[in-house]
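Notes follow once the structure below has been shown.
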Amino acid sequence: MEIHSDLQGMRLALELAAKGMYTTTPNPRVGCVIVKDNQIIGRGYTQPVGHAHAEVQALNDVADRGFDAEGATAYVTLEPCSHHGRTPPCADALIRARVARVVAAMRDPNPLVAGQGLARLQAAGITVTSGVLEEEAYEMNIGFFKRMQHGKPWVRMKTAASLDGMTALHNGISQWITGEQARADGHAWRARACAILTGIGTVMEDDPQLTVRAIDTPRQPQRIVVDSRLQISPHARVLNGASTWIVAAQSDPEKEKALRDLGHEVIVLPNADGKVDLPMLMMELGRRQINELHVEAGFKLNGSLIREECVDELLVYLAPSLLGDAQRMFNLPAPESLEQKKTLAFHEVKQIGADLRILARFTSTR
């Protein structure tokens, strides 16, 4: 395959970045392609945290294949880093390799980089171009950008409903409103998230595992349960396996010790009303390097998160069915006028099997 344009080179770099969809957290998903005389001489994408970034992977690939990167063009989906973290700066690696040109999809929002990587490359005499397929690169790392710019994760709330907006019967039965393909697709969205959040109501009613099962993934997201009064049973399936974070509104030393003894962590974040402070929780998750938070909760917690303006995006699966008077998606107060409605913008609408998948973003986002 030959590369004859920046768009072509960046598209391939984005394809490589997607290979790290489930593995790079908390680092961004980055791909890199090195091209010389229109020939691809090296490819790479960011490895799990602590291991090589995309640019170093691609340069290693160049060397392994017996090529020389001097005079080549490097296409990278995010500005090469210029600081020492767990690994050395990628900008320096490109400079040492004597590439002639670097094409970046966009600048890194990390304040430790923020244009300094590109500036370092230019100071070394390397021609720099940025802004190629910027929107696609932004979507690839939407959570990383949100955390770097606002200190909290990108919050995606998933729900499955009938065409009239109902998620379960009054008796709580909800399996299955949507089809198998939609459920597998939902697990793919779980897998790309850094963490999955639910409420104690869902845990007590459905006893979910909150794991990725319908697709192959090398990593399970961190599980989080909002449980104001620490009502969770030690036998709940969400407590099986890796550590779960339990977010409470009040301290209970005895219950906390029991959960810690099982290998779990209790985070106490009360608000003035004696409930969990949800905005503070989002900031705490940002501090813990959670880029994307996937919410699968009941209508009460869903409504609370929306009311507290903690949600960026809705991931809604609509089934071609009607349930009538049943449980709805969100517990929200009735507005007094249409001017008080919460507005969203459709980002993507796609049919998944027999169901419809809607991605809608609150208009205040970004």
Side-chain angles (χ1 to χ4, degrees), residues 1 3 6-36 39-65 67-69 72-110 112-118 120-121 124 126 128-145 147-148 192 194 218-219 289 291-292:
M1 178 181 179
I3 300 297
D6 288 349
L7 284 175
Q8 192 180 8
M10 193 59 71
R11 285 195 185 99
L12 181 55
L14 285 165
E15 289 177 12
L16 288 166
K19 292 179 179 292
M21 183 64 71
Y22 306 150
T23 57
T24 65
T25 182
N27 290 334
R29 304 148 179 144
V30 180
C32 179
V33 179
I34 299 178
V35 177
K36 189 172 184 179
Q39 301 294 320
I40 298 169
I41 62 172
R43 310 175 192 228
Y45 62 93
T46 300
Q47 300 301 295
V49 64
H51 297 279
H53 289 187
E55 298 92 326
V56 173
Q57 279 283 108
L59 289 170
N60 288 342
D61 188 39
V62 170
D64 290 345
R65 296 167 63 180
F67 292 112
D68 183 356
T73 295
Y75 294 94
V76 60
T77 59
L78 191 65
E79 174 185 2
C81 62
S82 56
H83 68 290
H84 281 270
R86 294 182 178 91
T87 57
C90 294
D92 289 355
L94 292 168
I95 291 168
R96 286 195 300 271
R98 297 183 180 181
V99 301
R101 184 167 176 252
V102 172
V103 180
M106 60 191 310
R107 287 175 47 148
D108 193 328
N110 187 337
L112 295 174
V113 183
Q116 296 178 52
L118 297 179
R120 185 177 296 189
L121 292 169
I126 295 171
V128 170
T129 300
S130 63
V132 178
L133 297 182
E134 182 173 1
E135 191 61 31
E136 290 86 343
Y138 168 79
E139 291 291 333
M140 180 74 67
N141 289 298
I142 196 166
F144 178 76
F145 273 75
R147 181 167 67 86
M148 287 294 113
R192 71 171 281 167
C194 303
R219 172 193 64 89
Q289 297 187 308
N291 292 334
E292 292 185 25

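Keep in mind the model is a prediction, meaning the values are calculated, not measured.
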Sidechain-backbone polar pair: E79 side chain, R107 backbone, donor-acceptor under 3.5 Å: no

Shortest non-hydrogen contact from P218 toward T23: CG-CG2, 3.3 Å

Distance, nearest 0.5 Å, that separates CD of Q39 from CD1 of I3: 9.5 Å

Nearest atoms (heavy-atom pairs only) where T77 meets A137: O-CB, 3.6 Å

Atom pair CD (E139) and CZ (F145), whose distance is rounded to the nearest 0.5 Å: 10.5 Å

Full working for side-chain contact (heavy atoms from CB on, under 4.5 Å) between F144 and D108: CA-CA 10 Å; F144 178 76; D108 193 328; 3.6 Å; yes

Residues 8-15 side chain polar contacts: donor-acceptor under 3.5 Å, at least two apart:
| residue | atom | partner | partner atom | Å |
| --- | --- | --- | --- | --- |
| Q8 | OE1 | H4 | N | 2.8 |
| Q8 | NE2 | E2 | O | 2.9 |

Atom pair CG/CZ of N291 and R147 - distance to nearest 0.5 Å: 4.5 Å

Worked check of side-chain contact (heavy atoms from CB on, under 4.5 Å) between R101 and V128: CA-CA 6 Å; R101 184 167 176 252; V128 170; over 6 Å; no

Nearest-0.5 Å distance that lies between atom CD1 in I34 and atom CG in L59: 4.0 Å

Gap separating the OG1 atom of T24 from the CG atom of N141, nearest 0.5 angstrom: 6.5 Å

Test applied, side-chain contact (heavy atoms from CB on, under 4.5 Å); reference residue, T25; option that passes from R219, R192, E292: R219

For the student: nearest non-hydrogen atoms of I41 and A72, plus distance: CD1-CB, 4.3 Å

R98: partners by side-chain contact (heavy atoms from CB on, under 4.5 Å), with sequence neighbours left out: E70

Partner of Y45 under side-chain contact (heavy atoms from CB on, under 4.5 Å), chosen from H53, R29, K19, M21: K19

Flag, side chain of T129 to backbone of V103, donor-acceptor distance under 3.5 Å: no

Side chains of R120 and P89 in contact at under 4.5 Å (non-hydrogen atoms): yes

Intermediate values then yes/no, side-chain contact (heavy atoms from CB on, under 4.5 Å), V62 and D68: CA-CA 7 Å; V62 170; D68 183 356; 5.8 Å; no

Sidechain-backbone polar pair: N27 side chain, V49 backbone, donor-acceptor under 3.5 Å: no

Atom of L118, atom of P80 and distance for their closest heavy-atom approach: CD2-CD, 4.2 Å

L121 to A91 - nearest heavy-atom pair and separation: CD2-O, 3.7 Å

Counterpart residues, ring-ring contact (aromatic ring centres under 6.0 Å, His included), relative to Y22 (two or more places apart): none

Rounded distance [0.5 Å steps], OG1 in T73 versus NZ in K36: 10.5 Å

Stepwise side-chain contact (heavy atoms from CB on, under 4.5 Å) test for V30 and M140: CA-CA 9 Å; V30 180; M140 180 74 67; over 6 Å; no

Nearest non-hydrogen partners of E55 and C81, listed with the distance: OE2-N, 4.5 Å

